[in-house]
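Structure first, then comments.
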Amino acid sequence: MRYLIALLCLLFHGTCVTAQSPDERRTENVILITMDGLRWQELFGGAVDSLIDNDALTQDQERMHTDYLAPTPEERRRRLMPFFWDTLAVQGQVYGNRWAGNLVDTRNPYWFSYPGYNEILTGAADPKVDSNDKVANANVTVLEWLNERREFAGRVAAFASWDVFDWIINEARSGVPVNSGYNRAEGPDLSDQEHYLNKLQEQAPRLWGGVRPDFLTHNFMMAYLARMHPRVVYVSYGETDDFAHDGSYNRYLDAVHATDRMWSDLWAFLQSDAFYRGKTALVFATDHGRGTIPMEEWRGHGSGTPDAGEIWMAFVGPDTPAAGVITEAQQLHQDQIAASVAALLGLDYQPEGRTVGSALPGITAVRKR
């Protein structure tokens, strides 16, 4: 019957649209990407002129005006993140535009990094995860859960600029390799690029202790993709949060813009590689928001900073219907990301002994296995 419908669609100039059945699922790989502390205000509205014009927060103001300001929020956000808005948002779905009534929040009450990343990766807020200390996470992440499945075993990896991710993902227990902080690429068959990155990292500045520059994290991840072709990858970019804590709005904006270029680089590789082309979904998120009023509160976050629990997320992939910015009035939460990663792979994420957030229903057009 399905083939008869398809034939009739062709006869009538292809005007019919048929739903995919489970055996037509195209997504085989997922890359989960986070940008630390990027506010939804900049994502959806671009650079904020009052923050640029604040002498205490912004140097190089003339260039900031030229590079990032424009008459409308739509133009500003595109200047800040041209690849995201010209490609990813057009082909995918973006959630968290509070100006449209689409709300995304953390469930954890702490509004800083370890609790946020635990919630993203495990699918549940944990009141016991209440610091950024290097404590091995007792909770199983979706990365570990996938790595325990036969079809993904040894095909899951993580890359992060912040060195605490070794503990957040619990590399020792999970078996998921984590290249974070100033970890080197390791193994007997490293590529020339990985050898060069190891050397380059030795020469890189240590601006924030255990947090390395994002370009190193990005390129370690890119080299690993090309050499190992993992099926599930997590990558965390951190400069946005660190420059914000430094009180440098210009460097925060430049970091957002640079990361957008890195995403363009990743996208181009995925389209050029037969293993990933047409079979890979991307999931984007952030661990927490930032303050808004007074302006200096933008530097910080945490439970004492109003609005710092407001976040965003985005999805793009071969089974995700293109819908752009979602303007439906709804309340979503950070704990739904882990199950959404699994759902894109056709799986129902239900870790033993835990209740987790549900997958977003609109991100995949095919049913779970």
Side-chain angles (χ1 to χ4, degrees), residues 33-90 94-106 111-112 207-208 213-214 237-264 284-302 304-314 324-327 329:
I33 300 166
T34 57
M35 192 190 298
D36 199 309
L38 173 63
R39 299 196 310 170
W40 68 267
Q41 291 93 333
E42 276 86 8
L43 180 76
F44 291 101
V48 179
D49 49 4
S50 58
L51 288 170
I52 286 180
D53 291 336
N54 187 323
D55 293 339
L57 297 178
T58 306
Q59 297 179 344
D60 204 6
Q61 290 176 335
E62 183 176 350
R63 182 175 66 84
M64 293 297 104
H65 275 264
T66 301
D67 288 354
Y68 299 127
L69 293 185
T72 69
E74 291 76 17
E75 291 176 277
R76 290 185 185 203
R77 71 191 188 192
R78 187 190 171 278
R79 285 197 176 188
L80 184 62
M81 304 178 72
F83 176 72
F84 184 91
W85 287 107
D86 287 350
T87 302
L88 298 176
V90 172
V94 190
Y95 296 83
N97 186 349
R98 303 180 89 88
W99 295 315
N102 193 261
L103 312 181
V104 186
D105 292 89
T106 70
W111 304 350
F112 59 86
L207 300 176
W208 308 287
D214 283 339
Y237 301 86
E239 287 183 8
T240 41
D241 192 59
D242 290 292
F243 282 129
H245 285 307
D246 287 347
S248 178
Y249 193 61
N250 52 292
R251 290 188 173 91
Y252 168 87
L253 293 177
D254 283 341
V256 176
H257 190 67
T259 305
D260 181 74
R261 292 199 299 271
M262 294 179 205
W263 293 351
S264 176
F284 299 85
T286 190
D287 54 333
H288 55 73
R290 315 200 72 79
T292 54
I293 299 173
M295 287 186 293
E296 286 75 10
E297 285 293 318
W298 160 84
R299 296 181 60 168
H301 52 86
T305 303
D307 308 321
E310 300 173 354
I311 57 169
W312 56 272
M313 51 189 169
V325 176
I326 306 301
T327 58

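For reference, positions follow the sequence shown, starting with 1. These numbers were taken from a predicted model, which means no experiment stands behind them. When reading the values below, keep in mind they use all heavy atoms of this one structure, side chains included, and skip hydrogens, waters and symmetry mates.
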Thr58 versus Gln61, side-chain donor and acceptor atoms under 3.5 Å: no

Any salt bridge linking Asp60 with Arg251? Criterion: basic side-chain nitrogen under 4.0 Å from a carboxylate oxygen. no

Minimal non-hydrogen separation, Arg98 against Val104, with atom names: NH1-O, 3.1 Å

Should the pair Asp49-Arg76 be classified as a salt bridge under the 4.0 Å nitrogen-to-oxygen rule? yes

Does the plane of the ring in Phe284 sit parallel, tilted or perpendicular to the ring in Phe84? Use 30° and 60° as the thresholds. perpendicular

Minimum heavy-atom distance between His301 and His245, given as atom pair plus value: NE2-NE2, 3.0 Å

Could you list the residues that satisfy ring pair (Phe, Tyr, Trp, His ring centres under 6.0 Å) with Phe112, not counting sequence neighbours? none

Indicate whether any N or O donor in one side chain lies under 3.5 Å from an N or O acceptor in the other, for Ser248 and Asp246. no

Would you say Ser264's side chain and Phe83's backbone share a donor-acceptor pair under 3.5 angstrom? no

Say you draw a straight line from CG of Asn102 to CH2 of Trp40; how long is it, rounded to the nearest 0.5 Å? 11.0 Å

Atom of Thr292, atom of Glu297 and distance for their closest heavy-atom approach: N-CB, 4.2 Å

Quick check: closest heavy atoms across Leu80 and Asp260, and the distance to 0.1 Å? O-CB, 4.5 Å

Going by atom types only, do Glu42 and Tyr249 share a side-chain donor-acceptor pair under 3.5 Å? yes

Residues Trp111 and Thr305: side-chain donor-acceptor under 3.5 angstrom: no

Rounded to the nearest 0.5 Å, the CG atom of Leu51 sits from the CG atom of Asn250 at a distance of 11.5 Å

Ignoring hydrogens and angles, tell me if any N or O in the side chain of Asp214 forms a donor-acceptor pair with the backbone of Gly238 under 3.5 Å. yes

Counting distance only, does the side-chain N/O of Trp312 pair as donor-acceptor with the main-chain N or O of Gly289 below 3.5 Å? no

Considering all heavy atoms of both residues, which atom of Thr286 and which atom of Gly37 are nearest to each other, and what is their separation? OG1-N, 3.1 Å

Lys/Arg N to Asp/Glu carboxylate O, Arg290 vs Asp241, below 4.0 Å: yes

Carefully, step by step, assess Met81 and Thr259 under the rule side chain to side chain contact (heavy atoms under 4.5 Å, CB included). CA-CA 9 Å; Met81 304 178 72; Thr259 305; over 6 Å; no

Output for pair (Glu62 CD, Asp67 CG), nearest 0.5 Å, gives 10.5 Å

Lys/Arg N to Asp/Glu carboxylate O, Asp254 vs Arg63, below 4.0 Å: yes

So among Tyr68, Phe243, Trp85, which one has a ring-ring contact (aromatic ring centres under 6.0 Å, His included) with His257? Tyr68

Measure the spacing between CG of Leu69 and CZ of Arg79 and express it to the nearest 0.5 Å. 8.0 Å

